[in-house]
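Take a look at the structure set out below.
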Amino acid sequence: SSSSSSLFFCFSISVMFGVSVVGTLASSLLRPCTFASTTSKRLLSASAVVVGGKYPRYNGIVGGTFTENDVDEVNLFCKDKFETFVESSSMCEREQADVKEKKSVLKYDDNGRRTWTFLVDVEKGKDGFISTTSSAIKSLQQMKAKNAKFTVNCALDENSISASEAGDAVLQAALLSGYKFDKYFTKKDSFPSYLHSVSVSINGKEVNNIGLEATCHGTVLARDLNNERSDVASPDGVHAVAKHLVKLHPQLELHDIVGLHALRSEDMNLLAAVGQASVHEPRLVCIEHMVNSSPDAETLVLVGKGVTFDTGGLNLKPTNFIETMHCDMGGAAAVLGTMHAIAQTRPNVNVVGVVGLVENAIGSEAYKPNAIIKSRNGKTVEVGNTDAEGRLVLADAMTYAQDRYKPTKMIELSTLTGACVVALGHSAAGLFTNDDEFAEHLFQSGKSSNEMLWKMPHFPEYDEELKGTVGDINSTGPSRYGGACTAAAFLRSFVSEGVKWAHVDIAGPADIPKERGLFPQGATGFGVQFLANYIQSLQSQQ
């Protein structure tokens, strides 16, 4: 517990630096932070590392201390307390009615110190606290506030939401709601204003959740990676970030296979084919968090699709679809963000993050529709469409991960199909698994971390649709119908016997057109929260 009256949550954001014209990328933590908690300091503080650039971006909670005169007080009240507060104020009836309609009020004391009061819709549970806190963060940013003290004063029904859940919801929203990818702004007026420090208490009790804070670190790293453009976040650029994470966290180890020759020598011909037309060498990068040496310790493998730009290949994407394809590495970004998070919380769980990094380019060396390529597991694959490239990358990545690490469970994340967006929109990811109990655990992890997953079907008919005519399996189905399900069926055919497997199609929530609660417009970092939550549940089961 904290020895001071309020805990200052330090949000050291991983930042990227473009280096010269080659567009390599490295991540760096911001300045070291001051913690009231020695546990926090041990887990989360780090020296700032500047790698070839001038871009220490202070977006998020970056720590420090403040005096009582430069802190904004933010009160979150339930309906009864909010109405009592308003009616006991010196406002006239018209002002009171206006405040009740807006559900917020700002007051200044004689010293110019600001106090904000917001109404929380407690009946909405966590969503009510997240929505209200997100609104408060926007208001604070508009006033260019630097420090904020959130005080929640609500009578809670423990059957709907507990005090700890409400406090975590406020903290999570405070850490994630104000995000903006502002790296390339040059005019000062364009820079958003960010909080430097924040404390949260609920009904007189301080909120202290180091694991949640670390997960938010990872989420912001994933957002930054996915928002970064592909001339910087290229396969070699993202590889540089992975190397930096391993350097930053000594308990992590890196294993990589780089270039066409090395990949083909490992029989990863599918992954190599997708990247063979690019000036950036394709590669497989593994980050190992192997901390439990017990003979019966299980290993969880996370596999992320890392197509840093997807032209569609020779089946070229059209205008109005190709422009956002720097976001086709959302799965890899989530895996790297998760590894960054667990390296801070250090669960006694063996976890390996595996990312296949390629650029699906066009050119004389591009792989062709209807080509037949032998995969690492021996199956021959008919290429139904070069724009269905992600599943090829993942097939070889999953096979290699299973061969090397012998996992008991494997979770794969990818921005795989537009069909899943059609089915579920931008609010939820599609969840395909070969084990119902595993599916339920992941669903609950998503629900409790505000990243919604929805279980999708896997019927034998989808396997039938993928039978090849001149090869073992076709990479696409015969029509556009059920595209998310046939893609999942293709991936499932590369899962080894006895491995509990989940495919999470994050095409919808990984990149959204409009800001929503915790999630900013653009890259959301979807996946880090539920993965870190699930890994924590594995720790709790030990």
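All residue numbers in this chain count up from 1 along the given sequence.
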State whether the side chain of [X] and the backbone N or O of [Y] hold a donor-acceptor pair below 3.5 Å, judged by distance alone.
| X | Y | value |
| --- | --- | --- |
| R229 | N227 | yes |
| N434 | V499 | yes |
| E451 | F530 | yes |
| Y367 | T386 | yes |
| Q251 | H289 | no |
| R376 | E266 | yes |

Tell me, do [X] and [Y] make a side-chain contact under 4.5 Å, heavy atoms counted?
| X | Y | answer |
| --- | --- | --- |
| C216 | Q529 | yes |
| Q344 | E213 | no |
| L538 | V351 | no |
| L263 | D396 | no |
| V349 | N292 | no |
| K514 | F519 | no |
| M329 | N226 | yes |
| L491 | F432 | no |

[atom1]/[X]: more than 12 non-hydrogen atoms of other groups inside 6.0 Å:
| X | atom1 | result |
| --- | --- | --- |
| E365 | CD | no |
| H255 | NE2 | yes |
| K374 | NZ | no |
| E253 | CD | no |
| E437 | CD | no |
| R264 | CZ | yes |

E382 and T469: side-chain hydrogen bond (donor to acceptor under 3.5 Å, both in side chains), yes or no, with the steps? CA-CA 8 Å; E382 296 180 36; T469 54; 3.2 Å; yes

With respect to F490, which candidate in T476, N474, V381 satisfies the side chain to side chain contact (heavy atoms under 4.5 Å, CB included) definition?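 Of T476, N474, V381, side chain to side chain contact (heavy atoms under 4.5 Å, CB included) with F490 is met by V381 alone.
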
Name the residue from V354, V335, V352, I287 that meets the side chain to side chain contact (heavy atoms under 4.5 Å, CB included) definition with L302.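 The option that passes is V335.
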
If you measure from the Lys or Arg side-chain nitrogens to the Asp or Glu carboxylate oxygens, is any gap between [X] and [Y] under 4.0 Å?
| X | Y | result |
| --- | --- | --- |
| D328 | K305 | yes |
| K409 | D435 | no |
| R404 | E288 | yes |
| K138 | E515 | yes |
| K317 | D310 | yes |

Hey, are [Y] and [X] close enough side-chain-wise for a donor-acceptor pair under 3.5 Å?
| X | Y | value |
| --- | --- | --- |
| T415 | D511 | no |
| D472 | T380 | yes |
| T486 | E465 | no |

Ring geometry between W501 and H503 (parallel below 30°, tilted from 30 to 60°, perpendicular above 60°):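 Parallel: the ring planes of H503 and W501 meet at under 30°.
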
Y179 and side chain to side chain donor-acceptor pair (under 3.5 Å): which partner among D224, T524, T219?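 Considering D224, T524, T219, a side chain to side chain donor-acceptor pair (under 3.5 Å) with Y179 is found only for D224.
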
From R346, H244, H340, residue fulfilling side chain to side chain donor-acceptor pair (under 3.5 Å) relative to H249: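 Between H249 and the candidates, side chain to side chain donor-acceptor pair (under 3.5 Å) is satisfied uniquely by H340.
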
For F494, does the six-membered ring have the charged nitrogen or CZ of K379 within the cation-pi criterion, i.e. under 6.0 angstrom from the centroid and within 45° of the normal?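 Checked: cation-pi criterion met.
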
